[in-house]
Peer 1: 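Okay, handing you the structure first.
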Amino acid sequence: MDEEVIPILRVENAAAAVTWYERLGFAQQWVHRFEPGFPAFVEVARGRVRLFLSEHQGDARPGTLVYLRVRDVDAVAAEFGVQVEDVPWGREFELTDPDGNRLRIATPQG
């Protein structure tokens with residue numbers, strides 16, 4: 001098993017959040033609920049990059065910032081109709097998901 005870090009993002013509606021993250025190239029891997037009607041805890045993945053999306057109130061705070069490196073920042077930016085900025089360490093832009101979580105999406109320089 002490879003070691004990894006998986007950020008947990010707080011969401012109000014996991015199904016709606018999954019739909020939004022699919023636009024970023026993520027796919028739902030699984031959903032867990034302790035019982036029917038209880039809050040959802042979902043894993044989404046884009047290749048080897050994984051995020052947990054949680055409806056549980058104590059799991060994270062809206063407004064969290066995640067830095068996501070991708071191969072083609074311009075293609076991802078085009079999906080959302082936003083401009084990419086050139087910065088000394090690469091090219092990047094920032095999105096805010098429907099729950100207020102921020103994603104800085106970049107392709108490193110070089």
Side-chain angles (χ1 to χ4, degrees):
M1 179 193 102
D2 290 333
E3 294 181 353
E4 61 185 330
V5 172
I6 303 174
I8 300 172
L9 301 176
R10 173 77 169 90
V11 298
E12 288 293 322
N13 180 320
V18 167
T19 298
W20 191 86
Y21 279 89
E22 286 173 341
R23 290 183 65 199
L24 280 173
F26 285 86
Q28 179 176 301
Q29 303 300 297
W30 49 260
V31 176
H32 171 56
R33 295 177 190 271
F34 286 104
E35 292 185 26
F38 276 39
F41 193 88
V42 180
E43 179 181 303
V44 294
R46 176 189 164 112
R48 294 184 55 166
V49 175
R50 301 185 180 292
L51 295 173
F52 289 154
L53 307 176
S54 177
E55 292 179 348
H56 295 267
Q57 288 195 350
D59 278 351
R61 298 175 147 188
T64 296
L65 174 61
V66 173
Y67 197 89
L68 173 63
R69 286 186 171 161
V70 298
R71 284 187 180 84
D72 187 353
V73 71
D74 294 295
V76 178
E79 169 65 27
F80 289 87
V82 298
Q83 295 291 329
V84 177
E85 180 181 349
D86 290 313
V87 292
W89 51 88
R91 297 176 43 89
E92 67 181 26
F93 69 96
E94 191 169 305
L95 294 174
T96 302
D97 77 9
D99 295 288
N101 299 299
R102 299 176 308 139
L103 290 97
R104 194 163 298 147
I105 301 162
T107 298
Q109 190 173 32

Peer 1: Mind checking the CG-CG spacing from Asp97 to Leu103? Nearest 0.5 Å is all I need.
Peer 2: 6.5 Å
Peer 1: Looking only at atom types and distance, does a side-chain atom of Arg10 sit under 3.5 Å from a main-chain N or O of Leu53, one as donor and one as acceptor?
Peer 2: no
Peer 1: Tell me which pairs pass ring pair (Phe, Tyr, Trp, His ring centres under 6.0 Å) where either residue lies in residues 34-59, with sequence neighbours left out.
Peer 2: Trp30-Phe52, His32-Phe34, Phe41-Phe52
Peer 1: What residues form a side-chain hydrogen bond (donor to acceptor under 3.5 Å, both in side chains) with Asp74, not counting sequence neighbours?
Peer 2: Arg91
Peer 1: Establish whether Val84 and Val66 are linked, either directly or via other cluster members, by ILVMFWY side-chain heavy-atom contacts under 4.5 Å.
Peer 2: yes
Peer 1: Is there a side chain to side chain contact (heavy atoms under 4.5 Å, CB included) between Arg48 and Glu4 once you walk through the steps?
Peer 2: CA-CA 10 Å; Arg48 294 184 55 166; Glu4 61 185 330; over 6 Å; no
Peer 1: Can you name the nearest heavy-atom pair linking Arg50 to Pro7, along with the distance?
Peer 2: O-CD, 3.7 Å
Peer 1: Quick check: closest heavy atoms across Pro108 and Val70, and the distance to 0.1 Å?
Peer 2: CD-O, 4.4 Å
Peer 1: Please answer: with hydrophobic residues joined when any side-chain heavy atoms are less than 4.5 Å apart, are Val42 and Ile8 in the same cluster?
Peer 2: no
Peer 1: Mind checking what makes salt bridge (charged side-chain N to carboxylate O under 4.0 Å, His left out) contact with Glu94, not counting sequence neighbours?
Peer 2: Arg102, Arg104
Peer 1: Please lay out, stage by stage, how Asp72 and Thr107 fare under the test side chain to side chain contact (heavy atoms under 4.5 Å, CB included).
Peer 2: CA-CA 6 Å; Asp72 187 353; Thr107 298; 5.5 Å; no
Peer 1: Keeping to residues at least two apart or across chains, list the ring pair (Phe, Tyr, Trp, His ring centres under 6.0 Å) pairs with something in residues 79-110.
Peer 2: Trp20-Phe80
Peer 1: Would you check if the side chain of Glu43 reaches a backbone N or O of Gln29 as a donor-acceptor pair within less than 3.5 Å?
Peer 2: no
Peer 1: So does Gln57 have more than 12 non-hydrogen atoms from other groups sitting under 6.0 Å from CD?
Peer 2: no
Peer 1: Are Val76 and Val73 close enough, and set up right, to give a side chain to side chain contact (heavy atoms under 4.5 Å, CB included), and what steps lead you there?
Peer 2: CA-CA 5 Å; Val76 178; Val73 71; 5.6 Å; no
Peer 1: Apply the test side chain to side chain contact (heavy atoms under 4.5 Å, CB included) to residues Phe26 and Val18: give CA-CA distance (whole Å), side-chain angles for both, the deciding distance (0.1 Å), then the verdict.
Peer 2: CA-CA 8 Å; Phe26 285 86; Val18 167; over 6 Å; no
Peer 1: Under the salt bridge (charged side-chain N to carboxylate O under 4.0 Å, His left out) rule, collect the residues that match up with Arg23, sequence neighbours excluded.
Peer 2: Glu79
Peer 1: Considering residues at least two apart in sequence or located in another chain, which fulfil the side chain to side chain contact (heavy atoms under 4.5 Å, CB included) criterion with Ala106?
Peer 2: Tyr67, Glu92
Peer 1: Is it the case that the side chain of Asp99 and the backbone of Asn101 share a donor-acceptor pair, with hydrogens and angles ignored and the cut-off at 3.5 Å?
Peer 2: no
Peer 1: Checking Thr64 side chain against Leu9 main chain: does a donor-acceptor pair fall under 3.5 Å?
Peer 2: no
Peer 1: Leu24 versus Ile105: any side-chain heavy-atom pair under 4.5 Å?
Peer 2: yes
